[in-house]
Amino acid sequence: MPAPPPALAARIYLAVRQIPPGQVSSYGDVAAVVGGGCDARSVGVALGALGPGEADVPWQRVVSRDGTISTRGLRQQELLAAEGVAFDSYGRVMMPRHRWRGPDAAWATANRMHTLPPRDDAEQLELF
DNA sequence: CAGATGACTCCCA
DNA sequence: CTGGGAGCCATCT
């Protein structure tokens, strides 16, 4: 039997579950939402340890900060494309367009997590 | 307790 | 673009 997920991993999974279909987030952003001594690496490790018991965690929606896919052989890009995520000619997710803005403030408070700091918008303006 | 490890990220050559 | 190195941190040996 798989060992029960440590507390931090459970929080990471909870945060990842907030990312809506068609959007993506980076390991670092997820870590920022989780807070409490969690960094991008911790998120990567936690997702790498996903087992059958956490099949409902949309791990494919977490990519590197620059939109590149760090997994190999997991069909991550296919899964994302299937939910409407667009990629550029370099095979990177078009972050400005799909980047998750963070959890709802009320949800964050209720779960003792954090919202993402507002980001400068030059990039976000690429919308349509 | 000390090391090794990993689906990260940033910086510089 | 590529590659190396340094921070980062929870987990597992």
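Keep in mind that this is a model prediction, so the values were computed, not measured. Every chain is numbered from 1, with letters handed out A, B, ... down the list of sequences.
Contact annotation for A:G37: backbone-only contact, meaning every heavy-atom pair under 4.0 Å involves sugar-phosphate atoms and none involves a base. Note on A:L47: a base of the nucleic acid sits closer than 4.0 angstrom, heavy atoms only. A:T71 comes within 4.0 angstrom of a nucleotide base, judged by non-hydrogen atoms across all strands.
The separation between A:D39 atom CG and C:dC9 atom P is 6 Å, rounded to whole Å. As rounded to whole Å, 13 Å separates atom P of B:dA7 from atom OH of A:Y13. Regarding A:I12, its CD1 atom lies at a distance of 10 Å from the C1' atom of C:dC9, rounded to whole Å. Look at CG on A:D66: it is 17 Å from P on B:dA7, rounded to the nearest Å. The distance between atom CZ of A:R11 and atom C1' of C:dA10, rounded to the nearest whole Å, is 14 Å. Atom CG in A:L74 sits roughly 8 Å away from atom C1' in B:dA7 (whole-Å rounding).
To the nearest 0.5 angstrom, A:H98 atom NE2 is 13.5 Å from A:S25 atom OG.
Nearest-nucleotide mapping onto DNA chain C: of A:V45 and A:R41, the residue sitting toward the 5' end is A:R41. Between A:D29 and A:S42, the residue anchored closer to the 5' end of DNA chain B is A:S42, taking for each the nucleotide with the nearest heavy atom.
Listed pair A:S64 / B:dT9 meets the phosphate criterion, a side-chain N or O lying under 4.0 Å from OP1 or OP2. Between A:R65 and B:dC10, a side-chain N or O to OP1/OP2 separation shorter than 4.0 Å is present.
For A:L8, whose side chain is taken as the heavy atoms from C-beta onward, the closest listed nucleotide among C:dC9, B:dT9, C:dA10 is C:dA10. In this structure, of C:dC9, B:dC8, B:dA7, it is B:dA7 that holds the atom nearest to the side chain of A:L50. For A:R92, the side-chain atoms get nearest to C:dC1 when compared with the rest of C:dC1, B:dT9, C:dA10.
Checked for salt-bridge contact, A:D56 and A:R17 meet the test: a charged N lies under 4.0 Å from a carboxylate O.
Using a 4.5 Å cut-off on side-chain heavy atoms (C-beta onward), A:R92 and A:V63 make no contact.
In this structure, A:R75 places its CZ atom where only 12 or fewer heavy-atom neighbours from other residues, nucleotides or ligands lie under 6.0 Å away.
Side-chain contact check for A:D66 and A:S64: no donor-acceptor pair (N or O, by modelled atom type) lies under 3.5 Å.
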